[in-house]
Amino acid sequence: MTAVIEFKDFSFIYEGEKEAAVKHISFSVEKGDILLIAGISGSGKSTILRAMNGLIPHMYNGVYEGEVLIEGKSVLDTPMNELSRSIGFVFQNPENQIFAFSVERDVAFGLENQGFSSEEIRERVAWATGMLGISDLRKMAPFELSDGQKQRTAIAGVLALKPNILILDEPTSLLDPLTAKETLALISDLNKELGLTCIIVEHRLELAAPIANKMLVISKGEVRNFGRLKDVIVDPVIYLSGISIPPLIELQKALGIDDVRLTIDSFIREIVHR
Amino acid sequence: MIEYKNVTFRHKSGTVALKEINLKIGEGELLAIVGTNGAGKTTLIRHLNGLLKPSSGNVYVFGIDTKKATVSTLSKRVGMVFQNSDHQLFSNTVEEEITFGLKNFGYDYVKAKERAETMMRFFGLTALKDRAPLTLSGGEKKRVCMAAVLAWEPEVLVLDEPTVGQDFINKKKLYQAIVETNAAGRTVIIVTHDVEFIWPLQPRILVMSSGRIVRDGRASDIFVDEGLLRSANLIMPQLAEISNRIGMAPAALDINQLLEVKDNWLRI
């Protein structure tokens, strides 16, 4: 497999700071992976995301060491607009992302910017709004939307660009649980159907773990563990990094089950009733 | 102690956000309000300190009709932590933010400073005390708001989506703060989507939908009702679901309760 994202001994010190925000970060993500990044506030998660989409070093100054490669190209040498063709970024707070006069204008914004034909724009807006379940909100103004609807609008706008890599920074923190679960299920579908590589930062592991296959644990700017999610999620280092694991996983750990099941369905089917 | 009598609230645009709400909340209760985005949860709690006044009907807080009281009199007794911290923060430093309410509500300078220091230590804000609140991360801002409100120990504590953006350690502290506040006999009202967080607290639950209270009951009844949960866009807490699937009732509140009876359900 070829790595679509590769961090090679990457360290970064923000301008004016003494300490590195992240130190000696190395990991790689392959095409079609869903990587779950877990770490407490201030652990360096945002810095890693910024180093992927090029905000670091193109918008944030500082001391940059090592290398970050996106689809084989060094982020350092690749302009932001070129990176943005590969990478879609969904922010934690949709207020930072949506601003047009209607949902449909907002979803179309990125497409218009990239010069798609009006027919293609119509099609993609219909597809993306449909995927996020906001088709009937298309004429509404963002201020009329609930926070959850705003986040879905923001995700639709990014999805419409059909990026190869989708980065989601706590995408569900403002959604109600069922919508959050459905949104993550949708991301999983997109991953399967389109081979879309996804990077998700999410505190609620009970929702995100079932859809991810890789996991990166970061604490104090350093990688504590990285690998197959099923292996990483049971590593005690996770507690030391301040992350809580879902009751389902805790229960299986207490029962001494090595190959943990990530959904209650598979746990009941394969462990309880076997 | 708190009573909503036939409360209807209409926005200026004409949208009805609350429809004929009748609700009593007793002293020392622990209450969680759940429901889809836009169900009216935030509108409901904003009536508690007079930020919103009913279009018709009345809200009584400690016997005071909120229509006849100012926000500042009510705020001393009803401390509210908003969903969006930016609406709450206004001081130049974290420390000032936390001491502001205390001084306003009559604490002397030394006492206010002491109390603020305790709160900052508890919420891990000491290192940030000279920072401007609006330059902090979302999670940090929320903790500043929480510390500022908890500092003066209001009789009623209202938290709107307190766990959003909080990691494990801070959620645990928040959990502890809620338990302690409630154990001290004070009323705690939480608006949240975070079912895993509130499950072990076993609060009284109000389920809201389209401006109405559609269910009012115990967590142990409501969080195992699949149809009801789906209609409110909620999912079952994992411990409730596992308990349900293995036929354990009442549902386990922690994994130890499941492990104690594992011979009954685990067939390895």
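Numbered from 1 within each chain, the chains take letters A, B, ... in sequence-line order.
For the set Ile255(B), Ile169(B), Asn233(B), the count of heavy-atom pairs under 4.5 angstrom toward chain A peaks at Asn233(B). When each of Glu140(B), Gln238(B), Arg230(B) is checked for heavy-atom pairs under 4.5 Å with chain A, Gln238(B) comes out on top. Comparing Thr192(B), Val164(B), Val195(B) by heavy-atom pairs within less than 4.5 Å of chain A, the highest count is held by Val164(B). Here Glu206(A) is the residue among Lys181(A), Glu170(A), Glu206(A), Glu182(A) with the most heavy-atom pairs under 4.5 Å with chain B. Comparing Ile242(B), Asp254(B), Asn256(B), Thr15(B) by heavy-atom pairs within less than 4.5 Å of chain A, the highest count is held by Ile242(B).
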Worked verdict on Tyr14(A) versus Thr47(A) for side chain to side chain donor-acceptor pair (under 3.5 Å): CA-CA 9 Å; Tyr14(A) 286 98; Thr47(A) 302; 2.9 Å; yes
Side chain to side chain contact (heavy atoms under 4.5 Å, CB included) assessment of Leu258(B) paired with Ser243(B): CA-CA 8 Å; Leu258(B) 283 166; Ser243(B) 303; 4.1 Å; yes
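Only the side chain of Lys262(B) comes within contact range of chain A, with at least one heavy atom under 4.5 Å from a heavy atom of that chain. Neither the backbone nor the side chain of Glu161(B) comes within contact range of chain A; no heavy atom of the residue lies under 4.5 Å from a heavy atom of that chain. Looking at Ile243(A), only its backbone comes within 4.5 Å of chain B, counting heavy atoms on both sides.
The shortest distance between side-chain heavy atoms of Leu30(B) and Ile178(B) falls below 4.5 Å. Counting heavy atoms from C-beta outward, Ile198(B) and Val34(B) have side chains that approach closer than 4.5 Å.
In summary, Arg245(B) and Asp265(A) engage in a salt bridge, as defined by a charged side-chain N under 4.0 Å from a carboxylate O. Checked for salt-bridge contact, Glu117(B) and Arg121(B) miss the test: no charged N lies under 4.0 Å from a carboxylate O.
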